[in-house]
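These notes concern the structure reproduced below.
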Amino acid sequence: MSRRLIIRDSKQQTSLWVAEYIVRRINDFRPSKDRPFVLGLPTGSSPELIYANLVDLYKKGRVSFKHVVTFNMDEYVGIPTSHPQSYHSFMFKHLFQHVDIPPSQIHIPSLENCDQYDDLIAKYGGIELFLCGVGSDGHIAFNEPASSLSSRTRIKTLTQDTIVANARFFDGNIDAVPKSAVTVGVKTVLDAREVVLIADGRGKAEAVKQAVEGSIGHTWTVTALQMHPKFIMAVDEAATEELRVKTVKYFKDIESGPQARGYLPSTEQAIILLRKLLSSELLTPDNQHLTYDGRKFIMLNRRLIKQLIELAQTKNSGDEVQNLLWTVKSARLQIDIEALGTAAVDMKAANYKAAYSSLYTITSLLFQNPDFNKLVSDSLTITRQALASGVSTAAESIEQVAEQIEPPDTLIDSIGDVPDSDQPRADEEAKQTLEEIEVTIQKGVKEAAKDTKETMMEAVTPERKAAMKERVRQAVTRLKGYADYNTSVSTITTLLKSYLMAYSAAVGEVVDEVSGDVTPNKALIESGYLFWSFISSFGEQRQWDVLKERLKELLEHRHKDPEFENIIELVADSLRRLLTDPDYLFEDEDEVTKRYQMLKEKLSDNDGRSLGHDVDAVIKQLHKVAISVYNDRGVAQVKDTTLSIMDLVLTSSGEHGFNMNLLSDIGNVLIPKALESIQYIPIPRLTLVSPDIDLLLEPIIFEPGRTINSSSFLPYRVSVVTTNEMDVFKGPNRAKTHLSSSARIKIEGLTFKAEDVGYIMKVHRNWLVNFTDSGIASIRLDEEGIDVHLDLEFTRSSVDELVILKGVHVNLHTFDFTLRRSKFSFLAWLFKPLVKPMIRKLLENSLREAIEDGLRSLNREMVYTRERLRATRIANPHDLTTFVRAVLARWSAPSELPVVVGVDWRAHRANGRAEAPFDGEYAPGSLVSLFEAEAMGAGERVEEGAAGGWKNACFAI
Ligand SMILES: N[C@@H]1[C@@H](O)[C@H](O)[C@@H](COP(=O)(O)O)O[C@@H]1O
């Protein structure tokens with residue numbers, strides 16, 4: 001479901017957009033003789049340019065009308081079809097005679113077919129897309145003001161306004177304009193599966209305003225389209241002149257990119273945001289209120305931001321990363337359908353959600369769980385080593401892994417340079433190089449095992465083997481506690497298999513060659529492309545070129561080596577078994593060795609190069625690429641600055657392990673400054689419910705009101721008094737002590753105002769007053785604002801509460817509002833004194849409850865963090881990263897991607913009354929109803945995985 005308002009600068013641009021849209025819809029529909037695309041069409045000056053564009057697109061071969069069936073919306077009565085101003089003539093002149101539509105598929109209403117017109121449409125399965133114009137009085141087709149909204153095709157007498165308007169087509173002769181017409185009804189249009197309405201010019205501005213912001217009614221028949229689930233209005237700038245600035249801005253925002261819930265800023269948007277941050281007061285370079293460390297901190301942060309901007313500009317100017325993430329996401333969804341369903345163990349309920357959540361689990365395991373991290377990297381090293389032909393048993397691999405975890409420098413150094421790819425290599429040379437690599441690997445293994453290949457098995461000391469086994473076992477046992485562990489392992493196996501398959505397709509030139517048989521997953525190949533183009537902008541180009549060569553060599557095996565797929569299966573399978581059954585590598589040693597050995601023998605091909613060699617060459621080269629990336633100037637700068645910041649932050653000037661100067665700067669200067677810079681808090685929908693009065697406000701934008709120091713929301717005074725008490729009781733055997741700390745916080749002068757808030761108010765106090773009102777309000781507090789007094793107690797003994805709220809008191813000094821569009825405006829003198837105390841009480845109560853609720857969730861978060869720290873046994877108050885990680889762990893991805901449409905707090909406390917008193921109701925000017933429609937549309941786009949779907953206007957300033 002979606003409603004869109006497309007705004008373009010000129011009629012030309014709007015018309016082109018609409019024509020392109022229709023062409024896309026026809027082509028996506030893939031019409032056939034038996035399943036034609038049914039198109040509803042208008043006449044008038046508005047669609048002329050659209051038809052010209054359609055003809056143009058047809059001539060360019062972009063669209064065919066062979067399987068399109070058309071139904072026109074209206075026709076004059078009383079002039080012959082051959083009349084130059086008949087809609088017949090119009091349609092042939094502007095469209096039909098230029099395109100390949102068979103005449104039998106064209107329908108135009110007439111006195112003859114009028115009664116059967118709707119049935120005829122139904123016979124074709126209904127109209128797929130109805131293109132509509134609109135009269136300046138808001139009529140659609142000839143459904144003049146006061147037409148029934150449930151009307152169908154019929155004869156209508158034209159209003160004088162329409163006759164006058166249409167006289168321009170009859171040489172200005174009003175008498176020549178027919179007085180009646182056959183027209184489809186409003187319901188006929190509403191029945192179409194999609195409606196696209198076009199309007200241009202100042203003359204249509206009022207009609208557009210009614211269509212978008214007005215309420216549904218028969219006076220402006222166009223408003224009926226608000227009920228349509230799929231309704232697009234395409235207008236030019238001039239036609240928006242009567243719309244509220246807010247509305248125009250809103251629609252422009254959501255249409256400014258292929259909007260969807262991908263939620264990534266484009267590089268351009270990110271840079272703008274970073275620049276804005278740079279120029280914000282918070283980061284003023286010479287803030288004299290700060291300590292020396294504080295200024296240094298600001299300076300370093302400024303430097304970091306500038307470096308990030310530069311990095312984004314040089315490495316990601318084409319949004320490569322965002323596109324990559326997006327395609328990978330689509331790729332995952334496809335894996336779910338195409339591979340996961342068949343490959344995954346125990347995935348009976350395989351669907352989007354399962355795939356998403358298990359991928360989420362993997363990511364969180366990978367990011368948050370050191371065991372898993374280590375395990376995966378160990379197992380990858382193991383399988384990798386098992387593939388290298390210099391090593392033939394899993395046990396040897398383990399031995400090497402033990403070394404690889406802390407690789408001796410000599411091993412890396414001894415690998416030597418891989419020859420430059422530019423020079424054509426003679427076979428002999430190639431062989432020699434490969435032999436060298438083999439020798440090197442062997443040397444490494446030998447060094448590790450300190451013996452020859454034959455004695456290597458013996459060199460794997462039982463202690464080492466046992467230690468390794470224990471480590472893997474422990475990790476797996478711990479991880480098995482995770483509910484999703486098995487699913488995650490299946491997913492990771494499938495992913496790995498698919499990635500390995502597509503891995504070889506990462507090199508641009510060969511994609512086409514292999515895309516047919518490597519994998520059915522297009523998005524995955526696309527990710528390969530994108531990944532390559534992004535990643536290769538880092539580091540040394542030369543290393544990337546060599547890597548490309550190596551990948552090509554590896555790829556050759558696809559064609560020469562029938563075992564290519566088997567080996568990938570084997571790798572993936574080993575990984576899965578390793579992750580689920582740590583004994584696999586040890587107890588099945590013989591079997592594993594046999595399998596690898598067999599494959600190894602099969603793998604050698606004619607020129608003596610084995611797949612194992614090539615896999616290893618790729619991996620070695622990747623390592624070099626990684627080093628060159630790490631040393632990339634841009635990356636190195638960012639890295640250095642980050643390290644300097646960390647150094648500064650963690651300078652232990654005290655025993656706290658944290659820079660205390662900085663801590664006091666943050667508390668005294670930076671946080672207040674940040675708060676001061678908040679000038680608006682927008683809340684799309686706020687519902688306040690009490691026994692006396694229910695209030696719906698939407699959208700409400702709080703801004704600083706009249707304040708004591710006329711600056712921000714900041715209260716003018718905050719006082720905190722803490723008390724520590726110690727009681728000592730003398731017991732029969734020993735003395736007992738009880739410690740308690742508490743705080744009394746007084747916040748005074750919290751103040752705000754809010755202008756132009758749409759509201760619905762339901763007063764149900766008692767038999768005396770009982771009414772509903774809606775309109776637009778402005779709300780103000782005086783400069784004394786709101787006082788909040790809190791009594792808190794801190795405890796260490798309670799299991800589920802760390803902060804106990806002993807008491808809360810909220811006092812709203814003076815509060816005032818003005819109403820517009822209210823039924824009761826004229827009774828303001830009576831109305832205000834009646835309602836004001838009720839609203840005041842409502843606000844005070846709501847605020848108090850919000851504080852109670854806030855504290856409750858704060859407690860929950862703190863307890864959770866504490867437990868998490870305890871459970872992981874990594875709690876260390878001096879270790880900032882651990883703490884941050886534990887806190888971040890709570891920011892789990894919601895199972896449903898949410899679009900926040902409102903803050904409906906308190907609704908459930910409505911004293912046993914209806915759960916949500918404003919369900920399905922919207923205040924005047926509500927953006928929430930638009931958001932909701934938009935959210936559903938965005939959902940569709942996410943499911944479609946449309947290209948560029950990650951873009952989102954919410955990042956635009
Ligand atoms: N019956 C037609 C309508 O279908 C059309 O939408 C309207 C606006 O025409 P124009 O696009 O020329 O402004 O005019 C006529 O009344």
Side-chain angles (χ1 to χ4, degrees), residues 36-48 50-51 54 65 67-135 139-163 165-170 173-192 195 198 221:
F37 188 89
V38 186
L39 183 63
L41 294 173
T43 52
S45 57
S46 316
E48 272 176 18
I50 295 174
Y51 293 151
L54 281 178
F65 291 84
H67 299 305
V68 173
V69 169
T70 63
F71 283 90
N72 264 79
M73 49 185 359
D74 43 18
E75 175 62 289
Y76 290 118
V77 170
I79 54 170
T81 52
S82 57
H83 188 288
Q85 287 312 326
S86 81
Y87 288 170
H88 250 96
S89 308
F90 177 97
M91 287 311 296
F92 277 87
K93 180 174 159 207
H94 291 285
L95 182 66
F96 297 152
Q97 73 179 38
H98 308 288
V99 298
D100 60 346
I101 188 166
S104 60
Q105 287 165 211
I106 297 170
H107 305 90
I108 295 175
S110 63
L111 285 178
E112 292 73 44
N113 68 15
C114 169
D115 291 342
Q116 299 90 43
Y117 206 65
D118 281 67
D119 291 344
L120 198 59
I121 293 174
K123 248 187 224 151
Y124 277 102
I127 289 174
E128 193 59 36
L129 186 155
F130 216 135
L131 182 67
C132 284
V134 60
H139 72 250
I140 46 174
F142 272 125
N143 294 288
E144 302 282 24
S147 292
S148 157
L149 299 187
S150 56
S151 54
R152 299 211 166 265
T153 311
R154 69 218 183 284
I155 302 167
K156 278 289 281 186
T157 310
L158 304 186
T159 62
Q160 192 58 22
D161 279 357
T162 302
I163 293 174
N166 287 0
R168 62 198 153 121
F169 300 114
F170 295 83
N173 178 2
I174 293 180
D175 293 337
V177 184
K179 304 290 172 283
S180 56
V182 187
T183 174
V184 294
V186 177
K187 193 81 194 356
T188 317
V189 179
L190 286 177
D191 279 351
V195 179
I198 44 167
T221 49

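All heavy atoms count here, side chains included; hydrogens, waters and symmetry mates do not.
- By the salt bridge (Lys or Arg N to Asp or Glu O under 4.0 Å) test, E128 pairs with R25, R193, sequence neighbours left out.
- Between the CG atom in L190 and the CG atom in L149 there is a gap of 8.0 Å [rounded to 0.5 Å].
- Partner of F71 under the side chain to side chain contact (heavy atoms under 4.5 Å, CB included) criterion, chosen from L120, I108, L41, V184: L120.
- Within the 4.5 Å cutoff, the side chain of D191 has no heavy atoms near those of the I127 side chain.
- Put simply, the side chain of N143 gets close to the backbone of I140: a donor and an acceptor are under 3.5 Å apart.
- F142 has its side chain within reach of Y76: a pair of non-hydrogen atoms, C-beta onward, lies under 4.5 Å apart.
- Residues P42 and P47 come closest through the heavy atom pair O-CG, 3.9 Å.
- With hydrogens and angles ignored, the 3.5 Å screen pairs no side-chain donor or acceptor of N72 with any backbone N or O of P109.
- Between Y51 and H98, the closest side-chain pair of non-hydrogen atoms is not below 4.5 Å.
- A donor atom on one side chain and an acceptor atom on the other are not found under 3.5 Å apart for N173 and R168.
- If you take NZ on K187 and OG on S150, they are separated by 7.5 Å, rounding to the nearest 0.5 Å.
- To the nearest 0.5 Å, atom CD of residue Q105 and atom NE2 of residue H67 are 8.0 Å apart.
- Inter-residue side-chain proximity for L39 and V69 is flagged as unmet; no heavy-atom pair is nearer than 4.5 Å.
- Under the 4.5 Å side-chain criterion, counting only non-hydrogen atoms from C-beta, V68 is not in contact with P36.
- In this structure, R154 and T183 have side chains that are in contact, with non-hydrogen atoms separated by less than 4.5 Å.
- Side chain of S46 to main chain of I198: no donor-acceptor pair is present (N/O by atom type, distance under 3.5 Å, no hydrogens or angles).
- The closest donor-acceptor contact from the side chain of S86 to the backbone of T81 lies under 3.5 Å.
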Under the side-chain contact (heavy atoms from CB on, under 4.5 Å) rule, what do I121 and T188 come out as? Steps first, then yes or no, please.
-> CA-CA 9 Å; I121 293 174; T188 317; 3.8 Å; yes
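- Looking only at distances, a side-chain donor or acceptor of Y117 sits under 3.5 Å from a matching main-chain atom of H107.
- Contact check for S147 versus T221: side-chain heavy atoms found under the 4.5 Å cut-off.
- Separating the OG1 atom in T43 from the CG atom in L95 is a distance of 12.5 Å, to the nearest 0.5 Å.
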Passes side-chain contact (heavy atoms from CB on, under 4.5 Å), I106 versus I101? Steps please.
-> CA-CA 8 Å; I106 297 170; I101 188 166; 3.9 Å; yes
Given the rule in the side-chain contact (heavy atoms from CB on, under 4.5 Å) test, do C132 and V189 qualify, once you have shown the distances and angles that lead to the verdict?
-> CA-CA 9 Å; C132 284; V189 179; 3.8 Å; yes
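- Between the side chain of D118 and the main chain of R152, no donor-acceptor pair closer than 3.5 Å is present.
- No side-chain donor from either of S110 and E75 sits under 3.5 Å from a side-chain acceptor of the other.
- Shown here for E144 and K156, the closest heavy-atom pair between the two residues is N-CE, 4.4 Å.
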Let me see the working for F170 and H83 under ring pair (Phe, Tyr, Trp, His ring centres under 6.0 Å), right down to the final yes or no.
-> CA-CA 11 Å; F170 295 83; H83 188 288; 5.7 Å; yes
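- Under the 3.5 Å distance criterion, the side-chain polar atoms of H139 are left unmatched by any main-chain donor or acceptor of A146.
- At least one donor-acceptor pair closer than 3.5 Å links the side chain of D100 to the backbone N or O of F65.
- Scanning for salt bridge (Lys or Arg N to Asp or Glu O under 4.0 Å) contacts around K179 gives an empty result, with sequence neighbours left out.
- Residues Y87 and F92 are not in side-chain contact: their nearest non-hydrogen atoms beyond the backbone lie 4.5 Å or more apart.
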